[in-house]
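Only one structure is covered here, and it is reproduced in the block below.
Whatever order the structure lists them in is the order used to number ligands and atoms, beginning at 1. Here the structure is a predicted model, which means the values were calculated and not measured.
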Amino acid sequence: MYISKRGQRLLEHQQPLVRAHFLCAQNPWSPENPDGYINLGTAENHLVFDLLEPRLNASPGIQEHHTHYAELHGMEAFRELLSGYLSEMTGVLVSAGELAVASGSSSIIDMLVYALCEPGDGIIIPAPYYAGFDHDLKTRVQVEPVPAFTSPENGHKLTLEVLQQALLQAGRRTIKVRGILITNPNNPLGRVYDRKTLEMIVAFAREHKLQLISDELYAKSVFGDRYISLAGMSEEAGIDYHIVYGFAKDFGLSGFKTGMLFTRQEKLLKAVQELAYFMPVSNATQKILSNLLAGKAWLNHFFEENSKRLAQASGVCHQVLSEKGIHAEPNNAGFFAWLDLSRYLSSASAEAEMELYQHILENAKVNISPGQVFHGAEPGWFRLCYARPEQMIRESVSRISASLEHIQIPEKT
Ligand SMILES: Cc1ncc(COP(=O)(O)O)c(C=O)c1O
């Protein structure tokens, strides 16, 4: 059968994280199934369902108009509630008319780059970065991610030099860079950017006339430090910025596939709203989410409790890792521990990192994600998602550590 070149490209697409997710789902660990797989590779929050359940299962109040077509970029009533929520979150006044809703933040990013870039253009992304961006940028729209590599040597700090280097690299590859995409709080590093770094990013975008895209999906999953949205400072600097948000992370609702774009750029928004026709969120889902947003007191309690639980899980995870002699970068947000297992590599290479990944998956039956899918600068780093019950974290770290004991650490030359 004939299949287009575009279709062929999709067949070649690799999704190692998705494969591992479903492998674990076939035989998941539980206290009753102690030999099962533990999946700490998927960025999901498994600590809050008890808080969500009563509200999700209360009658959603579906009315007849919900059963018919509504605006495919999000019902007006839903966008009204979202505008209030995002105004509080970002610190700038957001209106319902500046939003587009679609099925997942991945779709939002795909549509955004479709409307901002020509095929072959580039977007700078500080690395390590969320693996899905490759898919979002490249698959349909053929936009090139241009990694700005941060280094383990200085704690993965994002500096001006790192951004300049990425721009230079893009120039060498004759890629026209249209924008910069940051994730704040960061996945996979699990921390917020401080004000100084954000100001540096804004100044860089301004100097090089780049569109600034800020994925702020983990804005409320912060403990320890303060998240600062890029919205306010971009506005002060007078540059174009676009905020991506969604319900997958802060609300623990990855299965509801609901994301949104906030932008002040009318033409861009109109273009994205047109595309949202193909990727809408059902009215029933929007109504259930509206019920969550409408309960201010509930929402405050939910986020307070969520932060406490994430802080607790992160604390336990870092403690048991350190007891086993495994270094993880300091963190203050998200669900992630960024681990250094480089001393267990047979050589400093991507292949050796993949071997170690397979070794841990097969021997410890724990799925953690190899740094190469996030474009880590050096091999041997892994992302572990700890938003899981304490017993599961303890069990996995102890299994990982036991599986590493069988590995002969190569002598340093
Ligand atoms: C930074 C970031 N952006 C976007 C997404 C995708 O979100 P969604 O499931 O809403 O498409 C993820 C999921 O892991 C993420 O970590």
Side-chain angles (χ1 to χ4, degrees), residues 15-18 20-21 39-46 73-74 82 86 89 99-114 123 125-141 145 147 158 179-193 212-222 227 229-230 242-262 272 275-276 278-282 285-286 289 292 310 331 333-338 367-369 371 373-376 383-388:
Q15 285 191 301
L17 298 195
V18 176
H21 174 94
N39 182 15
L40 303 184
T42 308
E44 287 187 318
N45 186 344
H46 287 259
H73 59 273
L82 287 174
L86 288 176
M89 187 187 104
L99 299 179
V101 172
S103 98
S105 307
S106 312
S107 310
I108 292 286
I109 295 165
D110 164 276
M111 296 188 291
L112 187 57
V113 291
Y114 184 99
I123 299 277
I125 318 179
Y129 63 78
Y130 158 61
F133 288 151
D134 284 336
H135 199 24
D136 303 346
L137 266 58
K138 284 158 102 168
T139 310
R140 215 167 59 90
V141 197
L158 181 61
I180 167 162
L181 164 57
I182 69 156
T183 306
N184 181 36
N186 188 272
N187 170 10
L189 294 174
R191 59 195 190 210
V192 295
Y193 285 111
L212 199 43
I213 304 169
S214 187
D215 176 327
E216 302 188 359
L217 252 70
Y218 297 87
K220 300 279 189 179
S221 304
V222 177
Y227 136 87
S229 174
L230 257 183
H242 319 288
I243 307 286
V244 179
Y245 190 65
F247 285 83
K249 311 300 169 178
D250 285 348
F251 287 81
L253 293 171
S254 39
F256 281 35
K257 288 306 294 179
T258 304
M260 72 210 69
L261 169 69
F262 156 51
V272 170
L275 288 170
F278 299 108
M279 317 176 191
V281 178
S282 86
T285 303
Q286 292 183 54
L289 295 174
L292 296 185
L310 287 174
N331 66 329
F335 321 149
F336 316 112
W338 184 242
N367 176 40
I368 54 176
S369 311
V373 302
F374 309 103
H375 302 271
R383 187 192 74 175
L384 179 157
C385 303
Y386 55 68
R388 295 281 192 167

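When only modelled atom types and interatomic distance are considered, N367 and H21 share no side-chain donor-acceptor pair under 3.5 Å. Residues S214 and N184 have side chains that never bring a donor and an acceptor to within less than 3.5 angstrom of each other.
Scored by the ring-ring contact (aromatic ring centres under 6.0 Å, His included) test, Y218 finds F335, F336 as partners (sequence neighbours excluded). With sequence neighbours excluded, no residue forms a side chain to side chain donor-acceptor pair (under 3.5 Å) with S107. Taking the side-chain contact (heavy atoms from CB on, under 4.5 Å) definition, one finds that H375 meets it with A127, Y129, D134, F149, sequence neighbours left out.
Within 4.0 Å of ligand 1, the residues that place a heavy atom are A43, G104, S105, S106, Y130, T183, N187, D215, L217, Y218, A248, K249, K257, listed by chain and number.
In this structure a side-chain-to-backbone donor-acceptor pair under 3.5 Å is missing from K257 to V281.
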